[in-house]
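Since the structure comes first, as C-alpha cells, the remarks are kept for the end.
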Number of protein chains: 2
Amino acid sequence: MNIKEVAKRAKVSTATVSRTINDSEKVKPGTAARVRKAIEELNFYPNTHARTLVSGRSRMLGLIISDITNPFFPELVKSFEDQAVERGQEVIIGNTDYNPKRMAGCIRRMVERKVDGVAIMTSEADPALVTELTRRNIPTVFMDTGKTGPHSANIRIDYAQGIHEALQHLFVLNHRRIAFIAGPMNLESARMRRDAYLSGLKSRGLSESMVEKGDHRIEGGAMAMRSLLKLPQRPTAVITSNDLTAIGALGAILHAGLRVPEDISLIGFDDISFAHLTQPPLTTVILSRTQLAVTAFAALEALIRKDGPHADYSIPTHLVMRGSTRAI
Amino acid sequence: MNIKEVAKRAKVSTATVSRTINDSEKVKPGTAARVRKAIEELNFYPNTHARTLVSGRSRMLGLIISDITNPFFPELVKSFEDQAVERGQEVIIGNTDYNPKRMAGCIRRMVERKVDGVAIMTSEADPALVTELTRRNIPTVFMDTGKTGPHSANIRIDYAQGIHEALQHLFVLNHRRIAFIAGPMNLESARMRRDAYLSGLKSRGLSESMVEKGDHRIEGGAMAMRSLLKLPQRPTAVITSNDLTAIGALGAILHAGLRVPEDISLIGFDDISFAHLTQPPLTTVILSRTQLAVTAFAALEALIRKDGPHADYSIPTHLVMRGSTRAI
DNA sequence: GCTAGTTCTGTAAACGCTTACAATATATAG
DNA sequence: CTATATATTGTAAGCGTTTACAGAACTAGC
C-alpha cells in the first residue's frame, strides 16, 4: 500500500497525492476530494521513513532522562510527549540510568534515528558526548545546566527561590536550628540548592549551618537523617534536596521514635506525586514538570525553526505548605 | 555524511560498506578494516530511515500503555526498553490516558512509523482498533487480556493466585470479615481480581462477601473505604484491587481515627515502588513488571520471527507480607 | 477567438540504503 | 600453467516519498 496505488485509484499522479496529503501546494478541491476518498478506501497511511529520507525531517524528538522509574520523570515525559503528539511529532526516550556509557548510547540512537531535536535532563551530560549532537547541528535543549549556543538552549530552574521560601517559612515558624540534606555534589543542580540554603542562612544572620550529604535517593536521606539525629543539638527543622531524600529522612525520624512535625519539621523538594501521601503530607517545593516540559518543547521548536535569538528560559519553584512543618 | 562518502574514502563500493556494517556477507578482513576505519574517521552513522525503507524492518517497537504517570508503568517501560535497546531496537511509547480516542491515535502512529511489533497493556484496547494492526500483519502482544492469533499473543497474568494468597494469609491470621475494594468493572483484569476474591471466600466457607467499588485511583479507594467503615459491622481486613486503592483506603482509615494494622488489616496489589514507604509498609501482591516486560518482549520477538506456535505465556503474582496486616 | 496570466497537474530526479546479479580476483586441482 | 570452483567486490535497481521544473488547462481581457 503506497502512494502509487492511491494515485492510480484517484487517477492522478503521485505528486498530486503528496500535495493533498501535505497540502503544500494548491490542489483543485475536486481532485483533492477524489484523492482523499482513495486514501480512505485504501486505508493508506504514508510511510514516514520515506518522507524523512527525502525531506530530511524525521518528525521525531529525543528526550534523554536519567531514569524513568524515578518518580520525578514520568510527568515530564508525559507533558513533553503530549506536546509532541499534538504537533505530529514522535518522541523517543533515552534512559541513561545515571550511566555515562548509556548516555553515549542514547545520543548515538538519537543521531541514527535522525531526530529533529533533543531535550536533555540528566547530570551525565558529558560535553564531549553532546558535541556529537552540536557537530551535526541537531538542536539541543538542556533542562538544568548546559550551554546556550546557535543550536542549543538552556532552561534555567530557579532552585534558589524554592529553597529561600522554605527557609523563610521555617524562620517565621521560629525555627533557628535548620539543617540541610544535600544531593550528590557532582550534580550542579544539587550544588545550587545547597548554596541557596547556605546563603539564605547567612542573610538571616544564622551562622550555624548543618549540611549532611545525601544521594537523592531514599536510603541516602535516611542515612543522613540518622547522622543529624546523633548530633548533640539536633536540628528542629530539616530541608532536603529532593522528596525521595525527605521520605528517607521521614522514615529515619519515625524509626527513632520522634514525630513529624511535632519534634522535627521537614521540607522536601520537587513535589513528586507521593509527597502528599506521606504521613504527614510533606511540605515541599513545587517544580512543575508540566511547565518545564512545555518550556523545553517551545525552546526546542524555536531552535528547530531557527527563530532568532532565544530568550533566557526560566522555571520558578515555590513552596507548598502541607503537614510536615509546624511552629515551635 | 552517507555511505557513499565512506565508500569513496575506503576505496570500495557502497555495497561493500553496507556489507561490513551489517556483516551480512563475507567481506575480506583487510577490506572490512579499511571500511571500519573510514566509518570511524568520518564519524558515520547509518541512516535508519533509508535502511527501513529498503529492508522493510524499522527496528522500532511500539509500547502502548494507559498512563505513564501511573506508578505501575515506568518500570514496565524501562524493562521493555532495556530489552529493546540491547537488541538495537527503538521503543516508541503510546500513552492512551485511558482514552479510546487517544488509543486510536497511538495505533495510527505505530502504523505510520512502521513498527515491527506492538505490545499493549491498556484496557481501552477496542477490538476494532486492534484490527488496524492485525490487518497489516503487525505482530501484537497483549499484556492482560486479548486474543491469540497468527500475529498476536497474549500474556496471561495470574491475578487469582495473588488474591488467593492474600486471602489465605488473612485467614491464617483469624480474619473472617474480609472486604474487597474492586477496580473499574469494565476492566477485565479488575473483574478477575474480584472474582478470585469471591471464589476464595466461598471455598473457605465464608458466605458473607463485602465488595465495594473503587477506580484504581487513590480517591476511589478512600471513598470505598469510607463506605466500608460506615457498615454496622465493619470488616477486620480489606483487600484492594491495586496499591493506589490501598493507599487511598489507608488514608481514610487513619482519618477515621483507626489504625492499621491494629484495627484493620490492609492488603494492596501490584507492589508499586511506594507500597513499602507507607506507614505502615503495605502488605501487597507482587506483580513483577520486569518479568512481564521480558515475557512480552520475548513473545513479540517470537511473533516477529514467526517462530512456530506460541506458548501460553503466564505471569504469576505472589503475596509479600509487610506491616499492614496482623492477627486478631 | 486569441493571448497572457494564473492555476493546477504530471514527470522524473533525488533521499541513503540494501541486495540480486554480474563481474572480477583468488584459490585449488590437474 | 590452465581450467574450474570459490571468495570477494561492484553495478544498479529498487524502497516510498517529496519537489523542482515543465507542461496542460483554465480565466480574463480585449
Side-chain angles (χ1 to χ4, degrees), chain A residues 1-39 42-60 88 90 108-109 111-116 136-138, chain B residues 1-39 42-60 88 90 111-116 136-138:
Chain A
M1 175 50 46
N2 57 28
I3 207 175
K4 246 188 202 159
E5 299 190 36
V6 174
K8 200 199 297 178
R9 186 177 190 100
K11 298 195 198 311
V12 294
S13 71
T14 62
T16 300
V17 176
S18 175
R19 285 191 275 250
T20 55
I21 289 172
N22 303 296
D23 40 52
S24 48
E25 282 171 70
K26 270 265 154 295
V27 175
K28 201 153 87 175
T31 319
R34 242 173 39 243
V35 171
R36 266 189 273 278
K37 185 152 155 281
I39 288 175
L42 294 174
N43 217 280
F44 165 74
Y45 289 25
N47 181 325
T48 47
H49 301 281
R51 281 178 162 200
T52 297
L53 194 54
V54 50
S55 71
R57 297 192 48 210
S58 66
R59 302 194 139 272
M60 292 205 286
E90 205 62 51
R108 170 164 199 122
R109 282 159 49 202
V111 174
E112 281 181 348
R113 299 280 170 184
K114 289 263 180 296
V115 295
D116 295 338
R136 289 182 163 76
N137 297 343
I138 298 176
Chain B
M1 175 51 45
N2 57 28
I3 206 173
K4 244 187 201 161
E5 299 189 35
V6 175
K8 200 197 297 176
R9 186 176 191 102
K11 295 196 200 312
V12 295
S13 70
T14 61
T16 301
V17 177
S18 175
R19 285 191 274 251
T20 53
I21 290 172
N22 303 295
D23 40 52
S24 47
E25 282 171 70
K26 271 263 155 298
V27 174
K28 200 153 86 176
T31 319
R34 242 176 35 245
V35 172
R36 267 190 272 279
K37 183 153 156 281
I39 288 175
L42 293 173
N43 217 279
F44 165 76
Y45 290 24
N47 181 325
T48 48
H49 302 281
R51 282 179 163 202
T52 296
L53 196 54
V54 51
S55 71
R57 295 192 50 210
S58 65
R59 303 194 139 272
M60 292 205 287
E90 204 62 51
V111 174
E112 281 181 350
R113 298 281 171 183
K114 289 265 179 295
V115 295
D116 294 338
R136 290 180 162 76
N137 299 344
I138 298 176

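Proteins get letters first, then strands, A, B, ... in listed order; numbering begins at 1 in each.
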Spacing between A:K8 atom NZ and D:dT17 atom P, to the nearest angstrom: 14 Å
Distance, rounded to the nearest Å, where B:R34 contributes CZ and D:dT8 contributes C1': 12 Å
If you draw the axis of the six-membered ring of A:Y45, does the NZ or CZ of B:R136 fall within 45° of it and under 6.0 Å from the ring centre? yes
Length of the line joining A:D23:CG and D:dT18:C1', which is rounded to integer Å: 14 Å
With a cut-off of 3.5 Å and sequence neighbours excluded, list every side-chain donor-acceptor pair involving residues 24-37 of chain B.
residue, atom, partner, partner atom, Å
B:R34, NE, B:A10, O, 3.1
B:R34, NH2, B:A10, O, 3.1
B:K37, NZ, B:E41, OE2, 3.4

Whole-Å distance, B:I21 CD1 to C:dT19 C1', equals 14 Å
Rounded to the nearest 0.5 Å, what separation is found between the CZ atom of B:R9 and the CG atom of B:L42? 5.0 Å
Between protein and nucleotides 9-16 of chain C, map the contacts as a letter string: B base, S sugar-phosphate only, - none, heavy atoms under 4.0 Å, written 5' to 3'. BBB---BB
Rounded interatomic separation in angstrom, taking CD1 from B:I39 and C1' from C:dC17: 13 Å
Member of A:N47, A:V54, A:T52 meeting the side chain to side chain contact (heavy atoms under 4.5 Å, CB included) criterion with B:L53: A:N47
Please report the closest heavy-atom contact between A:R59 and B:R113, naming both atoms and the distance. O-NH2, 2.9 Å
At their closest point, which heavy atom of A:D116 faces which heavy atom of A:G56, and how far apart are they? OD1-O, 4.5 Å
